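By convention in this document, chain letters (A, B, ...) are assigned in the order of the sequence lines, proteins followed by strands, and residues within each chain are numbered from 1. Everything numeric in this text was worked out from a predicted model, so none of it was measured.
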There are 2 protein chains.
Amino acid sequence: MAASPKGRGSDPNARQRLIEATARVMRDEGYAAATSRRVAAEAGVKQALVYYYFPTMDDLFVEVLRAGGESALEHMRAALTNDDPLHALWLINNDASRTGLNTEFMALANHRKAIRVELRAYAERVRDIETAAVTVALRANGVDLDEHPPVVISMLIAQVARSLCNEVAVGVTLGHDEMRAYVERQLKLLAPVTGG
Amino acid sequence: MAASPKGRGSDPNARQRLIEATARVMRDEGYAAATSRRVAAEAGVKQALVYYYFPTMDDLFVEVLRAGGESALEHMRAALTNDDPLHALWLINNDASRTGLNTEFMALANHRKAIRVELRAYAERVRDIETAAVTVALRANGVDLDEHPPVVISMLIAQVARSLCNEVAVGVTLGHDEMRAYVERQLKLLAPVTGG
DNA sequence: GTCTATAGCTCGATAGAC
DNA sequence: GTCTATCGAGCTATAGAC
């Protein structure tokens, strides 16, 4: 339970706290709210300390993307090797806190070159992993991979899930129930549950 | 060719120029770059004039959304009543300048209530129009509307197209060719060309 | 209707004490 | 490693001349 004063459980060093605080602020209030003063307050340190650990705010953002990306990739690798990878892919991309942060980085990347480079590399690693998992699942179920290319199926599942999350974030839910039912139906067609 | 000095062709009134300038800056450099000084310069007027026409910057953003939204809806209604509505829907949502501006508004809406309310109303009008067009197209081609609900098909087409545009904007194109080929194939299955 | 000028604020980033 | 203090810039918004 009790974390030591300088342990790495709930009270890690300031650098790590700054990275986590920045991710939290970006997710909850948008990247525009992630100023040096705001994230410092969130991490319980003073503003100037941000520039001790990170030369510029862009460097901090890149670090948030790297750290969060590694953890997300790890989570993804684990989830995509279970019984029902297609369903796992759908669930992962329906996680609002994950997709919300990702959306903020997409917006940031649109006008910050350093972020764009990093995000692009990350997005392609994600796609590779997701596509590999889908390839295994489709092949195991005898699906024709020419008619249903794994990269296409993985993009469809991931992007539709993220789009729904983005819409929910602004209050749009029209058609969502129908879409979720439709996706469940299609997933069962592609990979009927066999693990029973 | 020559527009009159105060005509409404290429040199409309200042208010209209401010709205168009704001849309341009948002699309090209992101909403964070759309400051009162920046959009005033782009429109060829001084900063204070922005506040003569719009009480706050949020009011200006809402006006950009309303004006651009009306014009987009008009364009959409026209395109969706032609021979091949499904394909038209796909093409409209592949227009990078349209989807780029829409993405900026989604990002803005995440932490500005006034924008969120307006965007939500607009998004639902768009979905209604798109769904109506898809309904007509599917019914005309004898598609089972229970198996393929129009609202789902319209969301799939529109959201996949927008997702591709968003990815292109940050330099990600992995799997895009396969996806575009796949979509063309699926659209032909749902609505084979009959107008020849 | 358009301008100049400015108040009041927040930002990124730096200097330097401890 | 963390702090206080501050600079210079850019922002929204307002006041008031023309």
Is [Y] paired with [X] through a side-chain N to carboxylate O contact shorter than 4.0 Å?
X: B:E20; Y: B:R17; answer: no
X: A:R127; Y: A:E130; answer: no
X: A:R125; Y: A:E70; answer: yes

Nearest-angstrom distance from the residue atom [atom1] of [X] to [atom2] of [N]:
X: A:L49; N: D:dG1; atom1: CG; atom2: C1'; result: 7 Å
X: B:F54; N: D:dT14; atom1: CZ; atom2: C1'; result: 18 Å
X: A:Y31; N: C:dG12; atom1: OH; atom2: C1'; result: 16 Å
X: B:R38; N: D:dA13; atom1: CZ; atom2: P; result: 19 Å
X: B:F61; N: D:dC11; atom1: CZ; atom2: P; result: 12 Å

Closest approach to the side chain of B:K46, judged atom by atom: which nucleotide of C:dC11, D:dC3, C:dC3 is it? C:dC3
Hydrogens and angles aside, do A:T56 and A:D59 bring a side-chain donor and acceptor to less than 3.5 Å of each other? yes
Please write out each protein N/O paired with an N/O of nucleotides 13-18 of chain C under 3.5 Å, distance rounded to 0.1 Å.
residue, atom, partner, partner atom, Å
C:dA13, OP2, A:M57, N, 3.0
C:dA13, N7, A:Q47, NE2, 3.1
C:dA13, N6, A:Q47, OE1, 2.8
C:dA13, N6, A:Q47, NE2, 3.3

What's B:V50 touching, base or sugar-phosphate or nothing? Going by heavy atoms closer than 4.0 Å. nothing
Do B:M57 and B:V50 make a side-chain contact, defined as non-hydrogen atoms from C-beta onward lying under 4.5 Å apart? yes
Kindly determine whether A:R120 and B:E167 satisfy salt bridge (Lys or Arg N to Asp or Glu O under 4.0 Å), including the steps that lead there. CA-CA 9 Å; A:R120 178 187 160 167; B:E167 288 197 352; over 6 Å; no
Along DNA chain C (nearest heavy atom to each residue), the more 5'-positioned of A:A34 and B:R15: B:R15
OP1 or OP2 of C:dT2 sitting under 4.0 Å from any side-chain N/O of B:Y52? no
